[in-house]
Structures are given as C-alpha cells and as structure tokens.
Amino acid sequence: MNGQAKIAEPRRLYQQIADQIRELIENGEFQAGARLPAERELAQKLGVSRPSLREALIALEIDGSVEIRMGSGVYVSTEPAQPASRTKSLGESPSELMQARAALEGTTILLSASRIAPEALVALRDTLDAMRVEIDAGRKPLDQDRQFHVLIAEQSGNSVLSRLVGDLFDERHSPISAQFRVKFEDKDTWIFALQEHEAILAALEAKDPLLAQAAMHRHLDSSRRRWVEN
C-alpha cells in the first residue's frame, strides 16, 4: 500500500445503533428471551429516528441477536449466534437508498419526459402489463420494477444516469434490503406500486416533464414509507 494506512470504511448509522443495542443486551439490560421496549420508546432512549432504529433491528435479526415477531415485538434471542462485537455492513441504509433514488430519478425523468420515444412508451406499457401478471400470481415483480425504472432512465440519453439508476435499484438485493422485502412487502404494497407506476407512465405519455417528476417523487416517497417506515 506504498506505506499508506488503509482507510477504514465509514460505519453506517444502522451499524452504530445496532452496536448500542447489542451492548445493552450484553450488559444485561435486556435479558435473553425478553421483549425489547416498543420502537418509539427505544428510539427515544437511544436518541435516533425510528427508521434508523428499524434498520438496526433488522441488522441484529440477521446476525441472530434478536428475533422480530410481526405484530408482537422484538425479542432478545434465547440462543443467539456468536455475533461479532461490531455489526458488519449489510448494504446501504434502505432509507438513505430511497432518498438517493428520489434525488437521482427525479432529475433523470425530467430529461426522459421531454424526449421519450414512442417505442419506449410501448415498452413501458408492456412492462406494467407483465408486472400486473406477476402480482396477480402472488409473485414479487422485482425484474419488471427494475426494467420500468431503467427504461425511463435510458430515455434521458445519458448512459451514466441510466447505469446509476440500475446500480441503486440493485442495492435492493443487499442483505439488509432483502430482509426488509421479506418483512414489509406483500401483494397490497405491490398493487400500490403498480398504481403509482401507471401515474408515471400517464405523465410520460402526456409529455409533461413536471408532472412526470412529481409522479416519480410521489412513487418513491410512498415506496419509502411502505418499505422502510411501514
């Protein structure tokens, strides 16, 4: 390394919060099998936002320190794995990821809406039709969702923007984001997403950049609320 010290990767906020909770468990404040305080109370105790706390709890569930029981609460594992003393990185923060997507795709769609080709509109319609088929069959249409967003970005005429949109979308396959999907995505959330995609496509068909941008922001903000805040 030419004598240069390796720079440590910055620790994400959910890692820091997870470490705090693990320390409380190890110090005996929360016993094995005990239910953790309610989300609002625990967030206040730690001085963090509820979305960030939720990310930390998901990270702790992945490493076996806690068990999240939907509708019941979060419990300290009775037979925890032997986790590292510090929470490892499990991918980008889902809430920060959605903020980044909103910023990037909200800008990209302005370019796309003003120049979108007729054949691209047809492709977007076909993608939404395929998405509807997947939802009706009880499957999660991740491939069609990605295709929809990337198709729009490609119409911007900027290959860097379209690549970044795809890269950010693919972060949904990280361990922490994948666990959020397991916990908080279902047929109803996908039905809402499809309706929001329809609004985006309608604005693109109308060649209205500002309406398209508003529809994209509305979709990604609603997705964040469903996915991260639930």
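E196 places a side-chain heavy atom less than 4.5 Å from the side chain of S223. Between R226 and F192, the closest side-chain pair of non-hydrogen atoms falls below 4.5 Å. Within the 4.5 Å cutoff, side-chain heavy atoms of E55 are placed close to those of F180. Within the 4.5 Å cutoff, the side chain of D145 has heavy atoms near those of the R172 side chain.
With hydrogens and angles ignored, the 3.5 Å screen pairs a side-chain donor or acceptor of Y14 with a backbone N or O of L90. Checked by atom type and distance alone, the side chain of S112 pairs as donor or acceptor with a backbone atom of I152 at under 3.5 Å. Side chain of S52 to main chain of S49: no donor-acceptor pair is present (N/O by atom type, distance under 3.5 Å, no hydrogens or angles). A distance-only check finds a donor-acceptor pair linking the side chain of Q31 to the backbone of G28 [under 3.5 Å]. K140 places a side-chain N or O within donor-acceptor distance of the main-chain N or O of R181, the cut-off being under 3.5 Å. A distance-only check finds no donor-acceptor pair linking the side chain of S222 to the backbone of H219 [under 3.5 Å]. Although no hydrogens or angles enter the test, the distance criterion places a donor-acceptor pair under 3.5 Å between the side chain of Q155 and the main chain of A117. Of the possible polar contacts, one joining the T107 side chain to the A103 backbone as a donor-acceptor pair under 3.5 Å is found. Side chain of N27 to backbone of E29: no donor-acceptor contact under 3.5 angstrom is found. Here the side chain of E134 pairs no donor or acceptor atom with the backbone of R139 at under 3.5 angstrom.
By the criterion of side-chain heavy atoms lying less than 4.5 angstrom apart, applied directly or through intervening Ile, Leu, Val, Met, Phe, Trp or Tyr residues, L110 is not grouped with V150; the two fall into different hydrophobic clusters. The hydrophobic cluster containing M70 also contains I62, counting ILVMFWY residues as joined when their side-chain heavy atoms lie under 4.5 angstrom apart, directly or transitively. A continuous path of hydrophobic side-chain contacts links I109 to L164 [ILVMFWY only; heavy atoms under 4.5 Å]. Cluster annotation: V182 is not connected to I58 through the hydrophobic network of ILVMFWY side chains, with a link wherever side-chain heavy atoms come within less than 4.5 Å. A continuous path of ILVMFWY side-chain contacts below 4.5 Å connects L161 to L220, so both sit in one hydrophobic cluster.
Pairing each heavy atom of E92 with each of E171, the nearest pair is N-OE2, 2.8 Å. Taking each heavy atom of S72 and Y75 in turn, the nearest pair found is OG-OH, 2.8 Å. Taking every heavy atom of both residues into account, A43 and L53 meet most closely at N-CD2, 3.6 Å. When every heavy atom of P94 is checked against every heavy atom of S177, the shortest pair comes out as CG-OG, 3.9 Å. A153 and T108 make their closest contact through CA-CG2, 3.7 Å (heavy atoms, listed as atom of the first residue, atom of the second, distance). Closest approach of S89 to R12, counting heavy atoms only: OG-NH1, 2.6 Å.
In summary, the side chains of Q179 and E61 do present a donor paired with an acceptor at a separation below 3.5 Å, with no hydrogens or angles considered. Between the side chains of N158 and S156, no donor-acceptor pair of N or O atoms lies under 3.5 Å.
Few gaps surround CD on E39; more than 12 heavy atoms of other groups in view lie less than 6.0 Å from it. Within 6.0 Å of CZ on R40 lie no more than 12 heavy atoms contributed by other residues, nucleotides or ligands.
A distance of 9.5 Å separates CG in L42 from CD in Q20, rounded to the nearest 0.5 Å. In this structure, CE in M131 is found 12.0 Å from CG in L124, a value given to the nearest 0.5 Å. Summarising the geometry, atom CZ belonging to R225 is positioned 15.5 Å from atom OG1 belonging to T189; distances are rounded to the nearest 0.5 Å. Separating the CD1 atom in I135 from the CG atom in D186 is a distance of 11.0 Å, to the nearest 0.5 Å. Interatomic distance, Q16 CD to I21 CD1, rounded to the nearest 0.5 Å: 12.5 Å. To the nearest 0.5 Å, atoms OG (S65) and CD (E26) are separated by 8.0 Å.
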Side-chain atoms of residues 199-215: list all donor-acceptor pairs with protein atoms under 3.5 Å, sequence neighbours left out, distances to 0.1 Å.
residue : atom : partner : partner atom : Å
D208    : OD1  : L210    : N            : 3.3
D208    : OD1  : L211    : N            : 3.0
Q213    : NE2  : G106    : O            : 3.1

Kindly indicate, with the supporting measurements, whether the criterion side chain to side chain contact (heavy atoms under 4.5 Å, CB included) is fulfilled by I191 and L194. CA-CA 5 Å; I191 289 173; L194 177 60; 5.7 Å; no
Between D136 and R132, does the salt bridge (charged side-chain N to carboxylate O under 4.0 Å, His left out) criterion hold? Intermediate values first, please. CA-CA 6 Å; D136 289 343; R132 184 175 292 103; 5.7 Å; no
Between W190 and K187, is a side chain to side chain contact (heavy atoms under 4.5 Å, CB included) present by the stated rule, with each step listed? CA-CA 5 Å; W190 279 109; K187 185 174 182 178; 5.9 Å; no
Apply side chain to side chain contact (heavy atoms under 4.5 Å, CB included) to D63 and K88, showing your working. CA-CA 9 Å; D63 76 17; K88 66 180 182 180; over 6 Å; no
Which is it for K183 and R54 under the side chain to side chain contact (heavy atoms under 4.5 Å, CB included) test, yes or no, and what are the steps along the way? CA-CA 11 Å; K183 294 289 184 184; R54 181 167 293 184; over 6 Å; no
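Under a 4.5 Å side-chain heavy-atom criterion applied to ILVMFWY residues, the cluster that includes V133 comprises that residue alone.
By the 30° and 60° cut-offs, the orientation of the rings of H149 relative to H197 is perpendicular.
In this structure, R125 pairs ionically with E198, as a charged nitrogen and a carboxylate oxygen lie closer than 4.0 Å. Salt bridge absent: D143 and R146 never bring a charged side-chain N and a carboxylate O closer than 4.0 Å.
Of the options L36, L60, L24, a side-chain contact (heavy atoms from CB on, under 4.5 Å) to V76 is made by L36 and by none of the others.
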